[in-house]
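Down below is the structure, laid out as structure tokens.
Every chain is numbered from 1, with letters handed out A, B, ... down the list of sequences. Values reported hereafter were calculated over all heavy atoms of this structure, with side chains retained and with hydrogens, waters and symmetry mates removed.
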There are 2 protein chains.
Amino acid sequence: MAVKPSTLKPSAQAYVPFVSVENMMKLVHAHGVEAFITGLASVIEKDFKRWPEFDKTPRVASHSRDGVIELMPTADAENYGFKYVNGHPKNMREGYQTVTAFGVLSSVANGYPILLTEMTLLTALRTAATSALVGRYLAPKGAEVMAMIGNGAQCEFQAMAFRALCGINKLRLYDIDPAATDKAERNLKAQGFEVVRCADSQSAVEGAQVITTCTADKQYATILTDNMVGAGVHINAIGGDCPGKTELHRDILLRSDIFVEYPEQTRIEGEIQQLDADYPVTELWQVMRGEAAGRRDEKQITLFDSVGFAIEDFSALCYVHGLIEGGEFCEMLDLLADPDDPRDLFGMLTRAA
Amino acid sequence: MAVKPSTLKPSAQAYVPFVSVENMMKLVHAHGVEAFITGLASVIEKDFKRWPEFDKTPRVASHSRDGVIELMPTADAENYGFKYVNGHPKNMREGYQTVTAFGVLSSVANGYPILLTEMTLLTALRTAATSALVGRYLAPKGAEVMAMIGNGAQCEFQAMAFRALCGINKLRLYDIDPAATDKAERNLKAQGFEVVRCADSQSAVEGAQVITTCTADKQYATILTDNMVGAGVHINAIGGDCPGKTELHRDILLRSDIFVEYPEQTRIEGEIQQLDADYPVTELWQVMRGEAAGRRDEKQITLFDSVGFAIEDFSALCYVHGLIEGGEFCEMLDLLADPDDPRDLFGMLTRAA
């Protein structure tokens with residue numbers, strides 16, 4: 001039974017606020033895509049700055065022939081959150097999303113869920129928000145042009161986030177599939193971006209201060225080779241995010257200063273799986289707290305080896321939970337059994353007969 | 001948006017069948033509690049008999065001062081399932097359930113969820129179904145009387161399951177809180193059980209062939225001491241299910257043959273956390289396959305050191321998924337973003353504006 005609540009205050013303990021895909025889209029548009037991303041990035045930044053307060057664990061992955069299903073939990077003293085997310089590169093060819101997700105936020109005090117939400121859209125938004133937030137710390141000053149290699153589902157979200165947070169409005173697009181670039185070009189021009197279609201990766205990176213790689217094949221790929229990457233750029237490497245899935249040639253890594261979310265996870269899943277287990281990397285939360293250097297000079301190549309970490313999803317869950325407090329963008333789901341006497345679960349069942 | 005489906009066939013890939021608490025109760029009553037449990041036990045038994053086919057991992061627990069929140073995933077070649085469950089012993093005193101749960105079943109092939117369901121009731125049912133199923137292998141022949149120490153939320157479900165699967169109709173109840181026994185007595189008499197209230201644990205076990213211990217305090221407790229347990233009984237120990245939470249005196253364990261679900265988990269969470277890490281135990285799936293002995297003689301004390309394993313939840317999810325195929329006992333939740341072109345997630349968002 002789904003009922004509209006007048007308020008989220010759980011007078012009925014049985015009910016958990018649920019944000020459907022439809023309501024998530026309404027919620028995003030109520031704020032505007034860029035404002036939503038900016039607000040989300042600010043919650044992510046706050047959470048990165050209190051990184052040691054979180055209970056962190058690598059994601060729990062179940063691998064199969066065609067993909068992976070993962071659970072990504074984390075918690076602070078108040079809230080527990082987790083995301084369910086799949087990654088099935090073949091899905092796209094069969095008319096399904098490569099990545100779908102949903103998530104739950106709970107109260108640590110009593111273990112009750114306080115939010116269930118779609119996270120396919122929300123993951124796209126938080127991934128983009130994190131990339132652009134990191135870009136604000138690492139991209140060269142005055143960056144105006146971003147190359148985007150891989151024009152799939154994540155592409156436009158990245159562009160919107162980099163405009164909102166870093167002021168980048170010029171995009172150079174390339175994808176091995178021209179239909180993907182058609183789609184991205186159409187969407188991005190409609191959003192007022194200056195878009196240049198490029199014939200290959202090499203030409204896409206020309207004149208770009210930021211290079212975003214965002215391809216999805218589950219195999220060792222080389223989207224960028226060493227000769228393509230000039231001094232001073234920031235590389236935002238999104239696509240390499242599981243064992244065996246990388247995008248960059250190893251030589252690029254060796255010329256870059258590498259920044260990561262959570263080394264324990266990135267060494268397994270990120271571009272740096274190509275490097276020795278003790279290769280030096282910098283943790284982004286330390287950069288954001290001013291405890292480690294970000295970009296130091298104009299010639300430096302900075303690389304964000306993004307894999308996506310549970311704390312970013314936690315931030316997104318908390319952000320959405322705050323935004324739906326009025327009750328407008330959610331339904332209430334009858335998810336939790338709530339007998340009058342907590343010990344009388346059986347009586348609740350029999351009385352319902 | 002929650003809509004009633006005419007069928008579960010996902011013509012709309014966005015929708016995931018959702019079984020609310022209300023629908024779970026309707027579903028159970030449509031079959032009858034005992035028939036529901038019997039059907040569930042038969043799925044659990046089938047899954048125990050193909051135990052090696054499952055991807056098994058200990059549960060992922062997040063402990064806090066007042067409780068724990070756990071994710072319990074498992075998968076076979078076709079389906080992936082997980083349960084979210086909390087355990088907060090203090091909740092009861094504050095009007096909340098000690099344990100609440102929900103779960104998700106997915107397709108391994110594309111990672112898409114195919115069922116979201118309440119599991120507070122379903123966990124109570126599957127825990128009872130598992131206990132009684134194990135009782136059918138281990139309880140002495142002709143057992144007629146069960147002692148039930150701890151008369152909380154799980155008590156009546158255990159009784160219903162032991163009647164349905166083992167034919168036990170006589171119950172001897174004891175709880176440190178007489179109000180809990182009042183509640184259980186009322187519910188169980190209404191179901192036609194012969195109920196005897198007992199003044200303490202000692203008198204509860206008199207004449208019982210099966211002893212079910214089901215208390216909830218998160219501390220080393222001694223619900224049963226060694227002298228209370230006579231030869232030939234089967235002990236169904238439900239309550240001890242996390243580190244530091246046990247119910248039985250160590251000496252009882254040493255006199256018993258101990259049967260467990262998944263040793264890697266039970267050694268951390270079960271009664272046998274009191275014993276050496278290599279103390280011999282028998283895995284129930286091997287008993288059910290006839291590869292290990294169950295009860296061998298009339299004098300033997302058998303002990304099911306129950307902690308609850310993810311495969312039982314998986315069985316329960318598959319069972320419910322099968323039962324709701326007509327679409328009567330579920331709603332369809334708009335949980336998954338489903339753009340016309342899988343790569344055009346952003347276009348789906350902007351067109352919704």
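- Per-residue counts of heavy-atom pairs under 4.5 Å with chain A were compared for B/M25, B/E118, B/R186, B/M119; the largest is that of B/M25.
- A salt bridge links A/R351 and A/D344; the closest N-O separation between the charged side-chain nitrogens and carboxylate oxygens is under 4.0 Å.
- Heavy-atom distances place no part of B/Q154 under 4.5 Å from chain A, backbone and side chain included.
- Most heavy-atom pairs under 4.5 Å with chain A, from the set B/K90, B/E156, B/Q97: that is B/Q97.
- Interface summary for chain A: among B/D55, B/T120, B/T350, B/L71, the most heavy-atom pairs under 4.5 angstrom belong to B/L71.
- B/V104 touches chain A through its side chain: at least one heavy atom from C-beta onward sits under 4.5 Å away, while N, CA, C and O do not.
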Item to check | Verdict with supporting geometry, A/T100 and A/N86, side chain to side chain donor-acceptor pair (under 3.5 Å) | outcome: CA-CA 6 Å; A/T100 66; A/N86 76 297; 2.7 Å; yes
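- In terms of heavy-atom pairs under 4.5 angstrom with chain A, the leader among B/C155, B/A190, B/G95 is B/G95.
- Under the side-chain hydrogen bond (donor to acceptor under 3.5 Å, both in side chains) test applied with B/N151, the options B/N187, B/D175, B/T181 reduce to a single match, B/T181.
- When the candidates B/S106, B/A30, B/A124, B/A75 are compared by the number of heavy-atom contacts under 4.5 Å with chain A, B/S106 comes out ahead.
- Heavy atoms closer than 4.5 Å to chain A are found nowhere in B/T123, neither backbone nor side chain.
- Chain A forms the most heavy-atom pairs under 4.5 Å with one residue out of B/I69, B/L116, B/N110, B/T57, and that residue is B/N110.
- Comment: B/E328 does not engage B/K26 in a salt bridge, judged by the lack of any side-chain N to carboxylate O separation of less than 4.0 angstrom.
- Both the backbone and the side chain of B/V108 come within less than 4.5 Å of a heavy atom of chain A.
- Here CG of A/D177 is found 4.5 Å from CZ of B/R343. Values are rounded to the nearest 0.5 Å.
- With a 4.5 Å cut-off on non-hydrogen atoms, B/M24 does not touch chain A at all.
- Interface remark: A/V19 contributes no atoms to any contact with chain B (heavy atom separation under 4.5 Å).
- Ring geometry for B/F102 against B/F82 counts as perpendicular: the plane angle is over 60°, on a 0 to 90° scale with 30° as the lower cut.
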